[in-house]
Amino acid sequence: MTDANDSVKGNAYIPYDRRSGNESIVYFTRDLSAAGLERIYQKVKETITGKVGVKLHTGEPHGPNIIPHAWVENLMEKDLPGASIVETNTYYEGGRYTTEVHRQTLRTNGWTFCPVDIMDEEGTTMLPVKGGKWFKEMSVGSHMPSYDSLLVLTHFKGHTMGGFGGSNKNIGIGCADGRIGKKMIHTAEGSSNQWSIAQEELMERITESTKATIDHFAGHISYINVMRNMSVDCDCAGIDAAPVVTPNVGILASLDILAVDQACVDLVYAMPRKYNHDLVERMETRHGLRQLSYMKEMGMGNNRYVLIDLDNNEARIQPEDAVADVVPFRK
């Protein structure tokens, strides 16, 4: 059983045999390509109906580690015609701070093959946060309610403040609008320090923001995490991101946000220490693992799962099997 004190420590990794509860399905492929992305999408597409938003981190200008736009173009052309990429402006000044500069960055990074909806371009709206201890509601882009379903397409990597950026971070920070919602998450009331909230409290605030969105899309939301070019820094760092030293792994997908983020973390921890050291250190020093335990406390999913290998007749595998063929990252 998990120790109650460990479960709230964001720097404490909880091994699988100390978790409890039901198991969810997580699909896995080593095929890091447009074809691999399209194939794994087929396993989680049943929830994606009506007017579709694809929540993607489109990156700072010339960001080297973002999901290749050609992969996304192929997926949307073949499986999501009429869908839009959805984004929000940033809380920090940079290439996505205002709608005008954000649209220039979108062009620079190749996101020109479909509509890109900057959801807070015309204002904000509030979504309820059910069961939160920090928030009763969260401010998101005003365009969000116009969508019927959401595909959360995430580049899994480290994060300067969050420890790691998976589906939870992609939604929790990425759907909060750039001026109100992100401030609610990052800045303590009355503080002159923009980034005054950190560690466990930050992870909990991110997670509560995420819950507002996934409750809104209940039954019409799916998650895909791409474990490629995993710097310890987020794609927000752009060309200044730390060099990638963690091996590429593959693509994971699920209908359970906690299960897919937990599986990615487990795959990182399953690597030999010389390959995962930097990313594990980033997760633990930022207390980022609290994202996982708080998602479970909030009833957002399961931290136990069945990992299905799409490359081997959909066999059930362990994280160690998924990374068995991982080799050191080579440029």
Side-chain angles (χ1 to χ4, degrees), residues 2-3 6-7 9-19 23 26-33 36-37 40 64-68 154-160 162-169 203 224-235 237 241-254 258-293 303-331:
T2 298
D3 183 279
D6 282 348
S7 70
K9 295 176 182 175
N11 60 345
Y13 176 70
I14 307 299
Y16 199 95
D17 61 6
R18 291 175 55 202
R19 304 172 199 164
E23 291 182 321
V26 177
Y27 298 97
F28 170 72
T29 179
R30 299 163 187 81
D31 185 1
L32 284 160
S33 70
L37 178 60
I40 206 167
N65 299 323
I66 58 176
I67 297 174
T154 302
H155 173 217
F156 185 90
K157 65 282 182 186
H159 191 272
T160 302
F164 71 92
S167 288
N168 187 45
K169 179 268 172 188
M203 310 312 150
I224 299 176
N225 285 0
V226 178
M227 298 184 73
R228 168 190 177 274
N229 284 19
M230 293 179 286
S231 170
V232 299
D233 290 325
C234 179
D235 295 328
V244 173
V245 295
T246 304
N248 294 337
V249 176
I251 308 174
L252 293 87
S254 183
L258 171 54
V260 75
D261 274 4
Q262 180 73 69
C264 289
V265 169
D266 288 345
L267 264 63
V268 171
Y269 272 83
M271 294 178 189
R273 184 65 173 166
K274 64 180 178 179
Y275 300 148
N276 72 4
H277 174 272
D278 288 11
L279 190 49
V280 166
E281 181 180 58
R282 177 56 58 94
M283 293 180 191
E284 294 181 353
T285 57
R286 271 53 171 187
H287 296 225
L289 300 171
R290 179 57 175 153
Q291 293 184 54
L292 303 171
S293 59
N303 61 356
R304 301 176 73 246
Y305 53 87
V306 177
L307 191 61
I308 302 298
D309 188 347
L310 298 184
D311 305 331
N312 290 289
N313 299 314
E314 300 196 7
R316 177 173 179 165
I317 61 171
Q318 300 299 317
E320 293 78 8
D321 302 319
V323 299
D325 297 328
V326 162
V327 295
F329 177 82
R330 293 186 177 90
K331 292 185 178 180

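For the numbers below, each heavy atom of this structure counts, side chains included, while hydrogens, waters and symmetry mates do not.
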**Study point:** Full working for salt bridge (charged side-chain N to carboxylate O under 4.0 Å, His left out) between R286 and E281
**Key:** CA-CA 8 Å; R286 271 53 171 187; E281 181 180 58; over 6 Å; no
Point to revise | Lys/Arg N to Asp/Glu carboxylate O, K169 vs D261, below 4.0 Å | key: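 Here K169 does not pair with D261 in a salt bridge, since their nearest N and O are not under 4.0 Å apart.
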Point to revise | Worked verdict on I224 versus L37 for side chain to side chain contact (heavy atoms under 4.5 Å, CB included) | key: CA-CA 9 Å; I224 299 176; L37 178 60; 3.9 Å; yes
Point to revise | 4.5 Å side-chain heavy-atom contact, R30 and V249 | key: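 In short, these two side chains do not touch, never coming nearer than 4.5 Å.
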**Study point:** D309 side chain near D321 side chain, heavy-atom distance below 4.5 Å
**Key:** no
Practice item. Start with the C-alpha distance between V268 and V280, add both sets of side-chain angles, then the distance that settles side chain to side chain contact (heavy atoms under 4.5 Å, CB included), and finish with yes or no. Key: CA-CA 7 Å; V268 171; V280 166; 4.0 Å; yes
Kindly give the heavy-atom pair with the smallest separation between [X] and [Y], and that separation in Å.
X    : Y    : answer
V26  : A263 : CG1-CB, 4.1 Å
H159 : C234 : CD2-CB, 3.4 Å
C264 : L252 : SG-CD1, 3.9 Å

Exam field: side chain [X] to backbone [Y], donor-acceptor pair closer than 3.5 Å:
X    : Y    : answer
N248 : N229 : yes
R19  : I14  : yes
N276 : M271 : yes
N313 : A315 : no
E284 : A12  : no
R316 : I308 : no

Value rounded to 0.5 Å, distance of [atom1] in [X] from [atom2] in [Y]:
X    : Y    : atom1 : atom2 : result
L289 : K9   : CG    : NZ    : 13.0 Å
N303 : E23  : CG    : CD    : 10.0 Å
I251 : F156 : CD1   : CZ    : 14.5 Å
M283 : Y13  : CE    : OH    : 9.5 Å
Y275 : M230 : OH    : CE    : 13.5 Å
R304 : D266 : CZ    : CG    : 11.5 Å

Practice item. Please step through side chain to side chain contact (heavy atoms under 4.5 Å, CB included) for the pair I317 and N312, ending with a clear verdict. Key: CA-CA 10 Å; I317 61 171; N312 290 289; over 6 Å; no
Just by distance, with hydrogens left out, do [X] and [Y] show a side-chain donor and acceptor under 3.5 Å apart?
X    : Y    : value
T246 : D278 : no
N65  : S231 : no
H155 : D235 : yes
D31  : T29  : no

**Study point:** Audit row: L307, L267, side chain to side chain contact (heavy atoms under 4.5 Å, CB included) steps and yes/no
**Key:** CA-CA 11 Å; L307 191 61; L267 264 63; 4.2 Å; yes
Practice item. For this output row, return yes or no: ring centroids of Y305 and Y16 closer than 6.0 angstrom. Key: yes
Point to revise | salt bridge (charged side-chain N to carboxylate O under 4.0 Å, His left out) assessment of D233 paired with R282 | key: CA-CA 9 Å; D233 290 325; R282 177 56 58 94; 3.0 Å; yes
